[in-house]
Amino acid sequence: TASAPTPALIQMLASEFDFISELQRENVEYCADFGIRGLKPGSKLSLVMMQKLDFIFRDRVIATRQGLDHPQRRNPSEDEDWALVATNMRANGVPDSTLEALNNPASASPDILCEGSVQFYRALYELPPEQGAKLFGEITRDAAKTAG
């Protein structure tokens, strides 16, 4: 999935951003879980959220297939890439305390983790597409390694 072409990764990012933004309105605890470690097994989602989750799965399958068929090579991220995400978040009004909470989620409330996660997705989505795809691809790859 991480080697999918940029448009496929950006579509996947857009689906996840839409999902977490709506989840913030429906269930802050689930939103925090999704943003930090993924939804817990047994999470009870509304029909609307299940449909949005289906879009995420669809876009992930498409991105994975395209990554296999037409892999796009990207240079690894650099500190400057991640610094731009933090800059975007601050520009969107996210306080440093929320950025710190995302780095140390064990001691943060679900409200802060949810808002920080939504803003993290927003900041990624606002990057130039190539840069957003690179970072989101790395996040996706690292999450798969952790889960697997």
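The first residue of the sequence shown is numbered 1, and numbering continues consecutively from there.
Under the rule for a side-chain contact (heavy atoms from CB on, under 4.5 Å), the partners of I36 that lie at least two apart in sequence or sit in another chain are L102, P105, L113, S117. Every residue two or more places apart in sequence or in another chain was checked for a salt bridge (charged side-chain N to carboxylate O under 4.0 Å, His left out) with D79, and none qualifies. Residues meeting the side-chain contact (heavy atoms from CB on, under 4.5 Å) test with P71, sequence neighbours left out: S3. Under the salt bridge (charged side-chain N to carboxylate O under 4.0 Å, His left out) criterion, R37 pairs with D33, sequence neighbours left out. For N103, the side-chain hydrogen bond (donor to acceptor under 3.5 Å, both in side chains) test picks out no residue, with sequence neighbours left out. Here R58 pairs with nothing under the side-chain hydrogen bond (donor to acceptor under 3.5 Å, both in side chains) rule; sequence neighbours left out.
Across all non-hydrogen atoms, the minimal contact from G137 to A2 is O-CB, 3.2 Å. Here the closest heavy-atom approach between residue A63 and residue A4 is recorded as O-CB, 3.1 Å. Closest non-hydrogen pair, G67 versus P5, comes out as N-CD, 4.1 Å.
Linking ILVMFWY residues whenever their side-chain heavy atoms come closer than 4.5 Å, directly or via other members, leaves I112 and Y121 in distinct clusters. No path of Ile, Leu, Val, Met, Phe, Trp and Tyr side chains, each step under 4.5 Å between heavy atoms, connects F17 with V28, placing them in separate hydrophobic clusters. In the hydrophobic cluster analysis, where Ile, Leu, Val, Met, Phe, Trp and Tyr join through side-chain heavy atoms closer than 4.5 angstrom, L68 is grouped apart from V61. Hydrophobic clustering, with ILVMFWY side chains joined whenever heavy atoms are under 4.5 angstrom apart, groups V118 together with L135.
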(message) If you apply the rule side-chain contact (heavy atoms from CB on, under 4.5 Å), what do you find for I10 with Y125, and how did you get there?
(response) CA-CA 8 Å; I10 294 301; Y125 192 71; 4.2 Å; yes

(request) Carefully, step by step, assess I139 and L124 under the rule side-chain contact (heavy atoms from CB on, under 4.5 Å). (result) CA-CA 11 Å; I139 291 167; L124 280 176; 3.7 Å; yes

(message) Set out, in order, the CA-CA distance, both residues' side-chain angles and the distance that settles side-chain contact (heavy atoms from CB on, under 4.5 Å) for R74 and L9, then state yes or no.
(response) CA-CA 13 Å; R74 295 180 175 89; L9 281 173; 3.6 Å; yes

(request) Step by step, work out the side-chain contact (heavy atoms from CB on, under 4.5 Å) result for S15 and M12. (result) CA-CA 5 Å; S15 292; M12 203 170 112; 5.8 Å; no

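The side-chain heavy atoms of I56 and L53, taken from C-beta on, include a pair separated by under 4.5 Å. L99 is listed as a side-chain neighbour of M89, based on a closest heavy-atom distance under 4.5 Å. Side-chain contact between F136 and L127: absent, with no pair of heavy atoms (C-beta onward) separated by less than 4.5 Å. L39 has its side chain within reach of L23: a pair of non-hydrogen atoms, C-beta onward, lies under 4.5 Å apart.
With hydrogens and angles left out, the side-chain atoms of T64 and T1 include a donor and acceptor closer than 3.5 Å.
Every pair passing salt bridge (Lys or Arg N to Asp or Glu O under 4.0 Å) that includes a residue from residues 130-140 is listed here, sequence neighbours excluded: D81-K134. The ring-ring contact (aromatic ring centres under 6.0 Å, His included) analysis of residues 29-57, with sequence neighbours excluded, yields the pairs F19-F34. The list of salt bridge (Lys or Arg N to Asp or Glu O under 4.0 Å) pairs with a residue in residues 96-111, not counting sequence neighbours, reads R90-D96. Identified under the salt bridge (Lys or Arg N to Asp or Glu O under 4.0 Å) test for residues 7-26, with sequence neighbours left out: E16-R60, D18-K52, E22-R25. Residue pairs meeting the salt bridge (Lys or Arg N to Asp or Glu O under 4.0 Å) criterion with at least one partner in residues 113-127, sequence neighbours excluded, are absent. Annotation: disulfide (SG to SG under 2.5 Å) contacts involving residues 71-132, sequence neighbours excluded, comprise C31-C114.
In this structure, N75 places its CG atom where only 12 or fewer heavy-atom neighbours from other residues, nucleotides or ligands lie under 6.0 Å away.
Using modelled atom types, one side-chain atom of Q72 and one backbone atom of T6 make a donor-acceptor pair closer than 3.5 Å.
Rounded to the nearest 0.5 Å, atoms CG (L84) and CD (Q131) are 5.0 Å apart.
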